[in-house]
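Data first, discussion second: the structure below is written as structure tokens.
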Number of protein chains: 2
Amino acid sequence: MLGRVKLLLENQLCFEVHATARALDGVYRALLRDLGLTYPQYLAMMVLWEREPVTVKELGTALRLDSGTLSPLLKRMEAAGLVRRERSAADERSVLVRLTPAGAGLRSRAEEVPEKIYAATGLGLEELVALKATLRRMTASLDEAVLA
Amino acid sequence: MLGRVKLLLENQLCFEVHATARALDGVYRALLRDLGLTYPQYLAMMVLWEREPVTVKELGTALRLDSGTLSPLLKRMEAAGLVRRERSAADERSVLVRLTPAGAGLRSRAEEVPEKIYAATGLGLEELVALKATLRRMTASLDEAVLA
DNA sequence: GACAACTAAATTGTGCACAATCTAGTTACG
DNA sequence: CGTAACTAGATTGTGCACAATTTAGTTGTC
């Protein structure tokens with residue numbers, strides 16, 4: 001029956017999403033090793049290379065991560081000399097994250113990463129656009145479902 | 001230029017894949033709480049409900065996880081009374097994982113999960129099929145890339 | 001039969017990810 | 001004002017995920 005077909009497909013999809021996420025992680029891991037960055041750290045750096053300073057809250061919104069993940073992550077990045085953190089003078093609850101010169105300098109070395117990732121996916125531009133759109137729609141739907 | 005367009009799209013895709021994976025995780029987390037299972041544990045149970053016993057190695061192949069992840073995961077599941085583990089008599093290097101009656105009994109309660117997930121994705125059947133195919137192709141390409 | 005090469009799990013150490021809780025600072029309302 | 005409600009981060013505890021190493025068992029070759 002149709003029901004059973006649906007369920008099998010759903011299961012395979014979920015395996016597939018996780019397999020893809022881990023495969024992507026593996027490629028990033030290999031590419032970022034030389035830079036001394038993990039994939040989540042690289043994502044954080046991409047936000048910082050774009051605009052700076054950002055609060056932990058803003059970073060969390062951009063990356064969909066909470067302080068329980070970001071606090072230790074940023075501490076490791078601070079220990080590595082990539083960023084520094086300071087309380088906002090305007091609102092002492094907030095912590096502003098800034099790049100150090102070393103962190104800013106890493107940008108040029110990281111510039112080749114996206115193209116390599118793009119090549120590794122083996123997808124064409126239109127496929128990438130379509131995939132992104134589908135995932136975005138699905139994510140929005142999943143977010144809605146988890147609230148209800 | 002085209003190059004820059006590619007890079008932006010690649011970046012957005014990577015954020016998107018991670019956002020999707022976490023959103024999916026969130027829905028599973030909510031659905032599986034009553035069953036006392038995490039999402040990875042649920043995936044392991046799905047394999048076991050299908051065929052049993054399986055070795056840790058076979059489970060790792062099916063789930064794309066290594067013993068460093070599976071050993072503690074299976075210990076927690078054993079502590080929860082869902083599975084038991086025993087050395088294979090035929091090959092003493094292997095550990096066979098079997099369901100306990102409690103673990104087997106959980107299946108009926110878990111049967112409604114896939115349909116709820118399917119509904120939560122908000123995707124139609126054809127979309128799901130297409131998405132799965134794209135992800136599978138991309139994952140294979142990524143796996144290939146990480147070796148080179 | 002002995003020894004090298006291989007395989008399966010487990011272990012150790014590092015780094016996410018999130019729930020729950022805590023502290024400190026801010027805002028709103030009476 | 002002054003206190004209640006809210007917000008930002010940090011902390012604690014649990015559970016993946018993987019690299020690297022270790023231990024135990026198996027297989028292949030001479």
Side-chain angles (χ1 to χ4, degrees), chain A residues 18-30 32-33 36-45 53-80 82-83 85-97 143 146, chain B residues 18-30 32-33 36-45 53-80 82-83 85-97 143 146:
Chain A
H18 268 251
T20 302
R22 275 201 304 287
L24 200 52
D25 214 75
V27 177
Y28 271 108
R29 200 182 297 268
L32 295 174
R33 185 164 299 145
L37 291 174
T38 64
Y39 183 29
Q41 288 171 10
Y42 170 73
L43 293 177
M45 290 300 280
V54 285
T55 66
V56 174
K57 173 72 175 174
E58 289 167 341
L59 208 49
T61 301
L63 304 180
R64 295 175 64 106
L65 297 172
D66 66 4
S67 69
T69 299
L70 285 175
S71 288
L73 184 147
L74 291 170
K75 275 189 180 178
R76 283 187 290 270
M77 289 171 72
E78 188 173 40
L82 298 171
V83 302
R85 298 176 301 149
E86 55 188 27
R87 288 277 160 188
S88 164
D91 184 341
E92 298 250 341
R93 291 171 303 178
S94 298
V95 169
L96 295 173
V97 182
D143 283 342
V146 87
Chain B
H18 269 251
T20 301
R22 275 202 304 287
L24 200 53
D25 214 76
V27 177
Y28 271 109
R29 201 182 297 269
L32 295 174
R33 186 164 299 146
L37 291 174
T38 65
Y39 183 29
Q41 288 172 9
Y42 171 73
L43 293 177
M45 291 298 281
V54 284
T55 65
V56 173
K57 174 71 174 175
E58 289 167 340
L59 208 48
T61 301
L63 304 180
R64 295 177 63 106
L65 297 172
D66 67 3
S67 68
T69 299
L70 285 175
S71 289
L73 184 147
L74 291 170
K75 276 188 180 178
R76 284 186 290 269
M77 290 172 71
E78 189 172 40
L82 297 172
V83 302
R85 299 177 301 148
E86 56 188 26
R87 288 277 160 188
S88 165
D91 184 340
E92 298 250 343
R93 292 171 304 178
S94 298
V95 168
L96 295 172
V97 182
D143 284 342
V146 86

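FYI, side chains are in, hydrogens and waters are out, and symmetry mates aren't considered; it's all heavy atoms of this structure. Chain identifiers are assigned alphabetically (A, B, ...) following the order of the sequence lines, protein sequences preceding nucleic acid strands; residue numbering begins at 1 within each chain.
Rounding to the nearest 0.5 angstrom, the gap separating the CD atom in Q41(A) from the CG atom in L74(A) is 9.0 Å. The distance from atom NE2 of H18(A) to atom CG of L65(B), rounded to the nearest 0.5 Å, is 10.0 Å. We find the CG-CG distance between L63(B) and L70(B) to be 6.5 Å, quoted to the nearest 0.5 Å.
Here the side chains of V56(A) and L59(A) are not in contact, with every heavy-atom distance at 4.5 Å or above. The shortest side-chain heavy-atom distance between R64(A) and L43(A) does not fall under the 4.5 Å cut-off. Within the 4.5 Å cutoff, the side chain of S88(A) has heavy atoms near those of the L96(A) side chain. The shortest side-chain heavy-atom distance between R29(A) and D25(A) falls under the 4.5 Å cut-off. At a threshold of 4.5 Å between non-hydrogen side-chain atoms, the residues P40(A) and L73(A) count as touching. In this structure, the side chains of V97(A) and P53(A) stay at 4.5 Å or more apart for every pair of heavy atoms.
Protein chain A touches strand DNA chain D; the 5'-most and 3'-most nucleotides with an atom under 4.0 angstrom of its non-hydrogen atoms are dT7(D) to dC18(D).
In this structure, S94(B) reaches the sugar-phosphate backbone alone: every heavy-atom distance under 4.0 Å involves primed, P, OP1 or OP2 atoms, never a base. Backbone-only engagement by R85(B) is indicated by non-hydrogen atom pairs under 4.0 Å involving sugar-phosphate atoms exclusively. Using a 4.0 Å heavy-atom distance criterion, D91(B) is classed as a sugar-phosphate-only contact. The residue T38(A) sits close only to the backbone: its heavy atoms come under 4.0 Å of sugar-phosphate atoms, none of a base.
Closest-nucleotide positions on DNA chain C for E92(A) and Q41(A) were compared, and the one nearer the 5' end corresponds to Q41(A). Nearest-nucleotide positions on DNA chain D for R93(A) and D25(A) put R93(A) closer to the 5' end. With DNA chain D read from its 5' end, the first of the two nearest nucleotides for P72(B) and L70(A) is the one closest to L70(A).
Recorded end-axis angle for the helix from dG1(C)-dC30(D) to dG30(C)-dC1(D) stands at 10°, based on five pairs per end and rounded to 10 degrees.
Contacts between residues 53-66 of chain A and DNA chain C, defined by a heavy-atom separation below 4.0 Å, involve R64(A), L65(A), D66(A), listed by number.
Considering all non-hydrogen atoms of both residues, R87(A) and R93(A) come closest at NH1-O, 3.0 Å. In terms of heavy-atom proximity, P72(B) sits nearest to S67(B) at CD-O, 4.0 Å.
Atom P of nucleotide dA9(C) and atom CG of L73(B) are separated by 14 Å, given to the nearest angstrom. Computed from coordinates, the E86(B) CD to dA9(C) P distance equals 13 Å when rounded to whole Å.
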